[in-house]
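Just below is one structure, and these are the notes that go with it.
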Amino acid sequence: MRWPVKARDTWDVVIVGAGPAGLSAALVLGRACRQVLVCDNGTPRSRASKAIYAFVTRDGTPPAAFRRAAHQELRRYSNVARISAHVRRAKRLRDGRFEVQLGQRNVTCRKLLIATGVVDQLPQIAGIEKFFGTSVFQCPYCDGWEIRGAPVAVYGKARRGFEIARAMTAWTDDLALCTDGPAALSHSDKLTLRRNKIRLYEEPLTRLRGIKGKLQQIEFRDGSILPRTAMFFDTACTGRSQLAVSLGCEFNRRGGIRCGQYEATSVPGVFVAGNIIKDVQLSIVAAAEGARAAFGINRSLTREDFDRRASGVQRIEHPSMQPPLTQRRGRPQSPGA
Ligand SMILES: Cc1cc2nc3c(=O)[nH]c(=O)nc-3n(C[C@H](O)[C@H](O)[C@H](O)COP(=O)(O)OP(=O)(O)OC[C@H]3O[C@@H](n4cnc5c(N)ncnc54)[C@H](O)[C@@H]3O)c2cc1C
C-alpha cells in the first residue's frame, strides 16, 4: 500500500472503489473542498473490456486510458488522496463516524461511499474466459453495435434467457437462445420466441471455439455445432465487497442496495454508487451516481457543520430514503437545495 505524502488518519469522506463511480464522486467532493481518501484494490469490472462505449465524449476509450485521465484530473486537487489498498472492514462508531480498515492501518471518516462494483459470473462453459470482452459480452448497450446484424447466441436460463433474447432483437435478427439444459419456459414464451424467429437450443453446451478471442462456433454435448460470431449472456452478478452487508445496509429484491435520495443507504452516513446499486450498469450511469452521491454527502456535511456552529450540537444529517423512485425521476434540485 502506498500512502499519500500527507497521510492523515481522519477524512471527511472515504471512497471505497475507484471505478467510474468512485472517481466521479472524488472529483465532485474534491471540488467541494472536502478531504477525500479514495481506496482501490485494482480489480475493476472492466478488466476484461477492450473499450468503454456509450459514454459521451469517451466512446471507444480503453478502460485503462479512462482511469489514467481521471487520475490526472484528480491530481489537481491536493485534498484528494488515492491509495492502492483493499478495504477489509468498516465500522460505524458511536459518534456516527466510521472506522475503515485498510490493510494494517485504520482511518476514520465522517461519510463513507461504497463504490465497489460487481463481479460477473461467467456461464460455466469450457474456454469462455478467452472470449469474454472480445466476442462474449454481458451488455448489449455496451457491445451490441459492433455485432449488429451478425449471427449471435444468447445464453440464459428460464425467464432471464427469454429477456436477453428479446433485448437483443434491437441489434440483430439472427438469434439463437441457448439455455444449456431444459429451457423452463412456458409454451406461450416458446411460441413468442418462434414468432420472433429466435431459435431455441436446450442441449447443454460443452465448449466455445474460435481464434484470438473471436467466437466462431458453439459446441453442444450431442456433438452438434452452431456457428456464431458473438454471444451475450445474462447470469447473476454479485457485489464485489461485503462492506455494505457488514454495515447493515438494506438490499432490494434485485440484490442491489436499497437507496433513497442522492444514493443514501438505510445506514446514516453510508452512500453507494455505481454497479453495486444494480440499476443501469453503464459506466456513464455509474459516474452519474457517483456525482449524485457526492452531492448528497457534501450537502449533509455542510448542513451538519452549519447547525453545529449555530447550536453547538452535532447531529447526523442523512438524505431521505423515501420515496426513492419518484425522487430519482423527479425534477432535479439545485445545488442550494
Ligand atoms: C466485458 C465488459 C465490457 C464492458 N463494456 C462497457 C462499455 O462499453 N460501456 C459501459 O458503459 N460499460 C461497460 N462495461 C461495464 C462497466 O465496466 C461498469 O459499468 C463500470 O465499471 C461500473 O463502474 P463502478 O465504478 O460501479 O465499478 P468498477 O468499475 O467495477 O469499480 C469498482 C472498484 O472497486 C474496487 N474494489 C472492490 N472492492 C474493494 C475493496 N474491498 N477495497 C478496495 N477497493 C475495492 C475494485 O478494484 C474496482 O476498481 C463493461 C463491463 C464488462 C465486464
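Only heavy atoms go into these numbers, but all of them, side chains included; no hydrogens, no water, no symmetry mates. Counting convention: from 1, in listed order, for ligands and their atoms alike.
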salt_bridge([X], [Y]) N-O dist < 4.0 Å:
X: Asp234; Y: Lys157; result: no
X: Arg45; Y: Asp120; result: yes
X: Lys197; Y: Asp174; result: no
X: Lys50; Y: Asp143; result: no
X: Glu317; Y: Arg315; result: yes
X: Arg309; Y: Glu304; result: no

Does [X] approach ligand 1 within less than 4.0 angstrom via side chain, backbone, both or neither, non-hydrogen atoms only?
X: Gln281; answer: backbone
X: Gln138; answer: side chain
X: Leu23; answer: neither
X: Asp120; answer: side chain
X: Ala286; answer: side chain
X: Ile276; answer: neither

Answer yes if the ring centres of [X] and [Y] are under 6.0 angstrom apart, and no otherwise.
X: Phe232; Y: Tyr155; value: no
X: Phe132; Y: Phe137; value: no
X: His318; Y: Phe271; value: yes
X: Tyr141; Y: Trp171; value: yes

State the atoms of ligand 1, each with its element, that fall below the 4.0 Å cut-off from a heavy-atom position in [X].
X: Asp143; answer: 3 (C), 5 (N)
X: Ser46; answer: 17 (O)
X: Thr43; answer: 46 (C), 47 (O), 48 (C)
X: Gly17; answer: 33 (C), 34 (O), 35 (C)
X: Val16; answer: 40 (C), 42 (N), 43 (C)
X: Ile52; answer: 7 (C), 8 (O), 9 (N)
X: Ala115; answer: 32 (C), 33 (C), 34 (O)
X: Cys39; answer: 43 (C), 44 (N)

Using heavy-atom distances only, which candidate in [options] approaches [atom] most closely?
atom: atom 12 (N) of ligand 1; options: Ser283, Cys139, Ala287; value: Ser283
atom: atom 9 (N) of ligand 1; options: Tyr141, Tyr53, Phe66; value: Tyr53
atom: atom 23 (O) of ligand 1; options: Pro20, Gly274, Gly19; value: Pro20

Notebook entry, point to check: Can you name the one residue among Met231, Arg221, Gln124 that meets side-chain contact (heavy atoms from CB on, under 4.5 Å) with Leu205?
Noted result: Met231

Check: Can you name the one residue among Val154, Ile198, Thr192, Thr179 that meets side-chain contact (heavy atoms from CB on, under 4.5 Å) with Phe162?
Finding: Thr192

Check: Is ligand 1 less than 4.0 angstrom away from at least one heavy atom of Pro63?
Finding: no

Notebook entry, point to check: Within less than 4.0 angstrom of ligand 1, does Ala85 place any heavy atom?
Noted result: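 Distance cut 4.0 Å: Ala85 passes for ligand 1.
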
Next item on the list: Could you pull out the closest heavy-atom pair between Gln281 and Asn275, with the gap in Å?
Entry: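 Minimum heavy-atom separation between Gln281 and Asn275: NE2-O, 3.2 Å.
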
Margin query: On a heavy-atom basis, which atom in Ala273 and which in Ala293 lie closest, and how many Å separate them?
Written below: CB-CB, 4.3 Å

So for ligand 1, is [X] a polar contact partner (N or O within less than 3.5 Å, distance only)?
X: Gly42; answer: yes
X: Arg45; answer: yes
X: Ala21; answer: yes
X: Asp40; answer: yes
X: Val87; answer: yes

